[in-house]
Amino acid sequence: CACDPSNHLHNTMTESSTTTTGGGLKGFLKRTGQVVHSTSTVVLGMGQQALNWTYKWGGSTAFVVATTSVLVFMPLLFEIGREAEMLEMEKLQANDLKSKGYTDRQLREMGFSDLVVFTPSVAGMGTTATAGSK
């Protein structure tokens, strides 16, 4: 079949080995050159087909992945940013209420989350040092 490159390669190799273009070293080199040329033509054709297939399907796949990522992850990133902003606002409110004398228990009863009321131990190391120096 004309579409099967391996069949073409086999036919080319068989034809070149059966046809005599001369004996000796010159004939051998000429036949070898023909086989190498036809083999490289077939291999390059197969490589071009593989490249075209990869470009076609790879481009489509990349487009699907990119658009899906934008549609799924962008709202998620916006929501994470909004939540971080809300936590920061709650921390400011909690610190303001603490400075007015409210206890941590009262702040929790008001509905503030534990992340706002209690500073995490790693982040708290920097704030306790500055609070003690005031």
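More than 12 heavy atoms of other residues, nucleotides or ligands lie within 6.0 Å of CE in Met110, so this atom counts as buried by the packing criterion. Surrounding CD of Glu83 are at most 12 heavy atoms belonging to other residues, nucleotides or ligands under 6.0 Å away.
For the atom pair CG of Leu92 and CD of Glu88, the computed distance is 5.5 Å after rounding to the nearest 0.5 Å. Note that CZ of Phe73 and CG of Leu77 are 8.5 Å apart. Values are rounded to the nearest 0.5 Å. Note that the CG atom of Leu97 and the CD atom of Gln106 stand 9.5 Å from one another [nearest 0.5 Å]. The CG atom of Leu71 sits 13.0 Å away from the CG atom of Leu76 when rounded to the nearest 0.5 Å.
Without hydrogens or angle criteria, Ser99 side chain to Asp96 main chain gives a donor-acceptor distance under 3.5 Å.
Closest heavy-atom contact between Leu107 and Ala94: CD1-O, 4.0 Å. Contact record, Phe112 with Val116: CD2-CG1, 4.1 Å, taken as the closest heavy-atom pair.
Using a cut-off of 4.0 Å between Lys/Arg side-chain N and Asp/Glu carboxylate O, Asp104 and Arg108 are scored as not salt-bridged. Using a 4.0 Å cut-off between a side-chain N of Lys or Arg and a carboxylate O of Asp or Glu, Glu85 and Arg82 do not qualify as a salt bridge.
In this structure, Leu44 and Gln48 have side chains that are not in contact, with every pair of non-hydrogen atoms separated by 4.5 Å or more. Residues Lys56 and Asn52 are not in side-chain contact: their nearest non-hydrogen atoms beyond the backbone lie 4.5 Å or more apart.
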